[in-house]
Protein chains: 2
Amino acid sequence: MKNDVNLTVQALQRMPYYLQHLRKVDENGVQIISATAMANVLDLNEVLVRKDLSMICTSKGKPKSGFPVKELIDNIEDYLGYNNTMDAVLVGVGSLGKALLGNNEFSKFGLNIVAAFDIDEDIVGQVVCGKKVFPLEKLQNLCERMHIHIGILTVPAEFAQEAADRLVGSGVRAIWNFALIKLNAPDHVLVQNENLAASLAVLSQHLRNEMTEESKGVDLNEHTAL
Amino acid sequence: MKNDVNLTVQALQRMPYYLQHLRKVDENGVQIISATAMANVLDLNEVLVRKDLSMICTSKGKPKSGFPVKELIDNIEDYLGYNNTMDAVLVGVGSLGKALLGNNEFSKFGLNIVAAFDIDEDIVGQVVCGKKVFPLEKLQNLCERMHIHIGILTVPAEFAQEAADRLVGSGVRAIWNFALIKLNAPDHVLVQNENLAASLAVLSQHLRNEMTEESKGVDLNEHTAL
DNA sequence: ACCCTTTCGATATCCTAATATCGATATTAT
DNA sequence: ATAATATCGATATTAGGATATCGAAAGGGT
């Protein structure tokens, strides 16, 4: 384990991709992989990959051969916390909240949603995707009893700050925020914003460019020149 | 409309936050807002906000007052494509795919999922959240008939490249990829990777830091010094 | 009418992540 | 054994977004 170092957010974001590829080559019996090879597959700079891997790998990379695959897999899984599950609560059982509750793939990443909360009386008491929905008043009690440190926020933007305050008051130390709003929280509480609208914005801009170029009759080869 | 300019990805990501805040102040009857004020609320640098707003705003900002709220809202909504819906197909009706199918909030962002596709015979033919699931063989025909340009990829990583190839072959020009793999696609096809695992990785790293600091008995005020 | 303050737009600077360079080292081939 | 080569680790450079600075313009107060 080498979890005393801190990776940059960018490096962290690359880790899941490294892991996915490492698992794949491991299945094929590959025991050692070079940063160069990984970089080619993932379309990244080889120095970047080398630096990333050396950050989390317990052993050193060997010149001419590379890094041990199995060890890298273990190191990344450990670093990302895939082996010890983090318990979380979800606040806001609307359309998006239900969607996340139903996504059982989070367990692969070490996340376990233990309960959900909402203010809507019609929803409270229901069991959504195997998770019981409690009234918001019970949030603090449950979080304290179960030592929950992660809150997932899927309420509308106008209620997000209030809900965040409740989470902080319940001892939560990290908030996964799906609302499009900048939350105020104490410094020791991490707010990780998830911005699905941003991805859609990127798609939209690209499609618009495609359309206008098309209507201009631009030579298609200009694209490939990029 | 001022959709001839191209924003950086970073600027695009900020747009939904601007929009959310603008809608809020608009409801309160505010007609003009300064970049400075927006920057304070959203915790951004004021020059950055000013530059972003001037990029998409059709009129100029007035010294001492700011930018017209209603116009900004219209401009951002236009730019992000919220007013003319983009039709999309979803490939991979597993846990995550179902979740996205059920999330009707995408319509607010101009995205409309018209159909889903899968290879699993048990799922094909079903109607999930009002969307019919077709066999993968029907993908090309439907995309061409309905002029679909966006594909949402929620298949396991090992099948992602194959599914992406099919989407490209069906005329799709932008892929929203939830698989943790680097897809190969022609240059004119945009691949927008969504990396939920990365967010969880950031949360995990933070919690680990919190725990180790706690066990070290570090003065809590060190946090606020950041 | 004049001054003061706030904000704008443009330009210059800074900072951090990504990339390039280079000597050192291990493996393979001759 | 020796030479050739691929990769590593460390250091230097580059690039691009974020931030700071400054003159100009517009509104408010006296």
Side-chain angles (χ1 to χ4, degrees), chain A residues 2 5-18 21-22 25 30-69 71-72 75-76 182 193 195 198 201-202 205 226, chain B residues 2 5-18 21-22 25 30-69 71-72 75-76 182 193 195 198 201-202 205 226:
Chain A
K2 192 174 177 180
V5 292
N6 260 357
L7 303 180
T8 62
V9 174
Q10 290 87 338
L12 267 180
Q13 290 178 339
R14 289 187 287 269
M15 288 298 154
Y17 290 96
Y18 295 144
H21 183 62
L22 288 166
V25 299
V30 177
Q31 295 184 339
I32 291 190
I33 191 168
S34 73
T36 316
M38 292 262 293
N40 288 336
V41 173
L42 298 176
D43 218 13
L44 296 169
N45 181 280
E46 63 167 306
V47 180
L48 185 68
V49 176
R50 197 168 293 130
K51 212 193 275 180
D52 285 346
L53 296 185
S54 68
M55 286 291 281
I56 54 100
C57 191
T58 37
S59 63
K60 281 198 151 192
K62 275 191 188 169
K64 184 73 193 235
S65 45
F67 296 82
V69 173
E71 203 175 309
L72 280 176
N75 291 151
I76 296 180
K182 195 259 156 193
N193 295 306
N195 187 354
V202 175
Q205 177 175 266
L226 259 167
Chain B
K2 192 176 178 179
V5 291
N6 260 356
L7 301 181
T8 63
V9 173
Q10 289 85 340
L12 268 179
Q13 291 178 339
R14 289 187 286 271
M15 288 297 153
Y17 291 96
Y18 294 144
H21 183 62
L22 288 166
V25 299
V30 176
Q31 295 184 340
I32 290 190
I33 191 167
S34 73
T36 316
M38 292 263 291
N40 288 336
V41 172
L42 298 177
D43 217 14
L44 296 168
N45 180 280
E46 64 167 304
V47 180
L48 185 68
V49 175
R50 196 169 294 130
K51 211 192 275 180
D52 284 346
L53 297 185
S54 67
M55 286 291 282
I56 55 100
C57 191
T58 38
S59 63
K60 282 198 152 194
K62 275 190 187 171
K64 182 72 194 230
S65 45
F67 296 83
V69 173
E71 203 174 308
L72 280 176
N75 291 150
I76 295 179
K182 195 261 157 191
N193 296 306
N195 188 354
V202 175
Q205 177 174 268
L226 258 167

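Lettering follows sequence order; numbering is per chain, from 1.
With rounding to whole Å, A:Met55 atom CE is found 16 Å from D:dC8 atom C1'. Rounded to an integer number of Å, the gap from CG of B:Asn40 to P of C:dT6 is 13 Å. Atom CG of A:Leu72 and atom P of D:dT7 are 15 Å apart (whole Å).
Residue B:Lys62 places its NZ atom among 12 or fewer non-hydrogen atoms of other residues, nucleotides or ligands, all under 6.0 Å distant.
Nearest heavy atoms, B:Ser34 versus B:Ser65: CB-O, 3.5 Å. Between B:Ile56 and B:Ile76, the shortest heavy-atom contact is CD1-CG1, 3.4 Å. Taking all atoms of both residues into account, the shortest heavy-atom contact from B:Ser54 to B:Lys2 is O-NZ, 3.0 Å.
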Contact string for nucleotides 7-19 of chain C, one letter per nucleotide 5' to 3', B = base within protein heavy-atom range under 4.0 Å, S = sugar-phosphate only, - = neither, reads BBB-------SSB
Could you walk me through whether B:Met38 and B:Leu44 pass side-chain contact (heavy atoms from CB on, under 4.5 Å), step by step? CA-CA 8 Å; B:Met38 292 263 291; B:Leu44 296 168; over 6 Å; no
